[in-house]
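Bear in mind the structure is a predicted one, so any value in this text is a computation, not a measurement.
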Amino acid sequence: MTSETIARLTGANLVGHAERSAGTPFAGPNPRTGEAGRLAVAEATTDEVAEAAREAARAAPTLAALPLDRRAQLLQTVADALDADGEAIKAIADEETALGEARLTTELARTSNQLRLFAEVVADGRFLEATIDPPDPDRIPPRPDLRRQLLPLGPVAVFGASNFPLAFSVAGGDTASALAAGCPVVVKAHPSHPATSERTARAMRQALADAGAPAGTLGLLQGEGVEVGAALVQAPEIAAVGFTGSHAGGRALHDLAAARPTPIPVYAEMGSVNPLFVTQGALAARGDDIADGFLQSMTMGTGQFCTKPGVVVLPDSAEAQSLATRLAEAAATHQGGPLLNERIATSLRRQLDVTRTLDGVEVLADGIVETGDGYAARPTVLRVTAQRFLAEPQLAAEHFGPVAVLVVGDEEERLAVARSLEGQLTAAVHAEADEHDGLDELMAILTDRVGRIVFDGYPTGVAVTHAMHHGGPYPATTSPLHTSVGSTAIRRFLRPVAYQSAPRELLPPALRDDNPLGIPRQVDGAWTSAPL
């Protein structure tokens, strides 16, 4: 990152049309050196948080009233602006996260493309779920004229994630889906990448202004501690929260939001161990490939993905021993990679100090976690019996980093391991075709506990599509009904309103007889774009 790039940033909080910097300055980390970053940013004050929430509330009616084609164009304009400023954004992000140009190039493309996906969703109009049940006086009882659609919920607070400085941060999926729903957004930037957050927000805010969005459509607040986020969630103007991060952080925000005079939903994605189950047939047919693929998935992003597979459940067999040996040997020579900040590195080291010494834990590959001049980790591979896994809750806890626990047992023990799992984002199953008939019980257990089941693959890499579900039962998320990735993520920030026997001239355009928007609507149970 050049000095010129830094000079264009001010470290201020971006509120409405204004910049505010009355608070105490702090700097993000440089993971490669362990030193503080070059940009000092101002901790948002309580007054600045309140002002950002008020500006979002002022913008909300205007943003919600924008025609769908204007809202879609707004999203497209933001996506184009991010791509245009991409080189500078990636350079800053690399200095603050050490994720590297290749990873950040992919992440930036994902970030802008998910904005374009939501532009398509908005233009189509089906997301409004416009539904019309014409009156039927001959029914018993008679049916009145009923018309229903989804409307924007209001200003949304979005919390940036440490491990995805682009795709789950200022311009990430929560922000994209909220703007698509017609909701202004106030982002609480993650302290691990404040300069990246500012550069991204500036590009977005200029694009939003160019597209005619009102001031307050996107605000940015910086904060090193928990105070700024807590104040934002408690601001009365905020109507919903999007969060990706730790279980402790997500649960704290959820509880704060529930304790408000007017409670609001918190859509928190809080990670999981994402277990992988391997059958005997799969081990015999392709055990080496599974070991190699697992190591690649487990070490991707230095194990700092919410979808990192952290537990592998195996039969007690010679083929399972062979997989463990291959995995351990590859892990021992793996160069490892950077961790995002000191907190993550210190937490992982302390957690491993406990886990490695538990009774019955065999250390197959003893990775090193660096917390001095820079933060990094090499892979750690542990092995236990299913009985010990079931007896030690610590083994089922997420290790945020390149750590894997191999669990070995007979068929009943492996099913018991599956039953013991808390809610997960994903689970993966590797099996041969002739074994599928014997997987019914495992499938039933996993279906009850996870949001996405992956077959003969690995959970890292979450496609941004219409069918994707990135969520799961608690404690993976606070709301298993919704996804944070894919087009249906927009549903989190919309609420239904029904109009009964309303005068035609008072109906919103999506529900009028002539269908001026030309969108698909469900009329008397059947989808059609035709006017009534």
Value rounded to 0.5 Å, distance of [atom1] in [X] from [atom2] in [Y]:
X	Y	atom1	atom2	result
Leu253	Met270	CG	CE	10.0 Å
Leu339	Ser162	CG	OG	10.5 Å
Leu153	Ile264	CG	CD1	8.5 Å
Glu48	Arg20	CD	CZ	7.5 Å
Thr77	Arg70	OG1	CZ	10.0 Å
Leu340	Leu99	CG	CG	5.5 Å

Please identify each residue that fulfils side-chain contact (heavy atoms from CB on, under 4.5 Å) with [X], with sequence neighbours left out.
X	answer
Arg71	Leu68, Val122, Phe127
Ser347	none
Ala428	Leu276, Val454

Contact summary for [X] and [Y], nearest pair of heavy atoms:
X	Y	answer
Gly173	Ser177	O-OG, 2.7 Å
Pro473	Gly451	CD-N, 4.3 Å
Ala176	Phe118	CB-CD1, 3.8 Å
Pro263	Ala258	CG-O, 3.7 Å
Val170	Thr175	O-OG1, 2.8 Å
Thr355	His399	OG1-NE2, 2.9 Å

Original post:
Under 4.0 Å between a Lys/Arg side-chain N and an Asp/Glu carboxylate O for Asp85 and Arg8?
Top reply: no
Original post:
Is Glu87 paired with Lys90 through a side-chain N to carboxylate O contact shorter than 4.0 Å?
Top reply: yes
For the pair [X] (side chain) and [Y] (backbone), establish whether a donor and an acceptor sit closer than 3.5 Å, ignoring hydrogens and angles.
X	Y	answer
Glu329	Leu327	no
Glu107	Ala167	yes
Gln304	Pro338	yes
Lys308	Val273	no
Thr45	Ala22	no
Glu198	Gly11	yes
Ser297	Phe294	no
Gln222	Lys188	no
Ser246	Gly249	yes
Thr299	Pro402	no

Original post:
After noting the C-alpha distance and the side-chain angles of Asp174 and Ser484, does the key distance pass the side chain to side chain contact (heavy atoms under 4.5 Å, CB included) rule?
Top reply: CA-CA 7 Å; Asp174 289 341; Ser484 63; 4.2 Å; yes
Between [Y] and [X], do the side chains contain a donor N or O and an acceptor N or O under 3.5 Å apart?
X	Y	answer
Glu96	Thr196	yes
Arg202	Thr10	yes
Thr24	Glu43	no
Gln206	Asp210	yes
Arg116	Asn113	yes
Thr307	Asn274	no

Original post:
Is it true that His247 and Phe400 have ring centroids separated by less than 6.0 Å?
Top reply: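 No, the ring centres sit 6.0 Å or more apart.
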Show me the donor-acceptor pairs, under 3.5 Å and distance only, between side chains in residues 227-243 and residues at least two apart or in other chains.
none

**OP:** Scan residues 181-206 for pairs that pass ring pair (Phe, Tyr, Trp, His ring centres under 6.0 Å), counting only residues two or more places apart or in two chains.
**Re:** His190-His193
Original post:
Is any side-chain heavy atom of Met298 less than 4.5 Å from a side-chain heavy atom of Leu295?
Top reply: yes
**OP:** Taking the side chain as every heavy atom from C-beta outward, state whether Asn163 and Ile344 have any atom pair closer than 4.5 Å.
**Re:** no
Can you list, pair by pair, the side-chain donor-acceptor contacts under 3.5 Å of residues 25-32, counting residues two or more places apart and other chains?
unit_1: Asn30; atom_1: OD1; unit_2: Arg32; atom_2: N; d: 3.0
unit_1: Arg32; atom_1: NH1; unit_2: Asp94; atom_2: O; d: 3.0
unit_1: Arg32; atom_1: NH2; unit_2: Asp94; atom_2: OD1; d: 2.9
unit_1: Arg32; atom_1: NH2; unit_2: Asp94; atom_2: OD2; d: 3.4

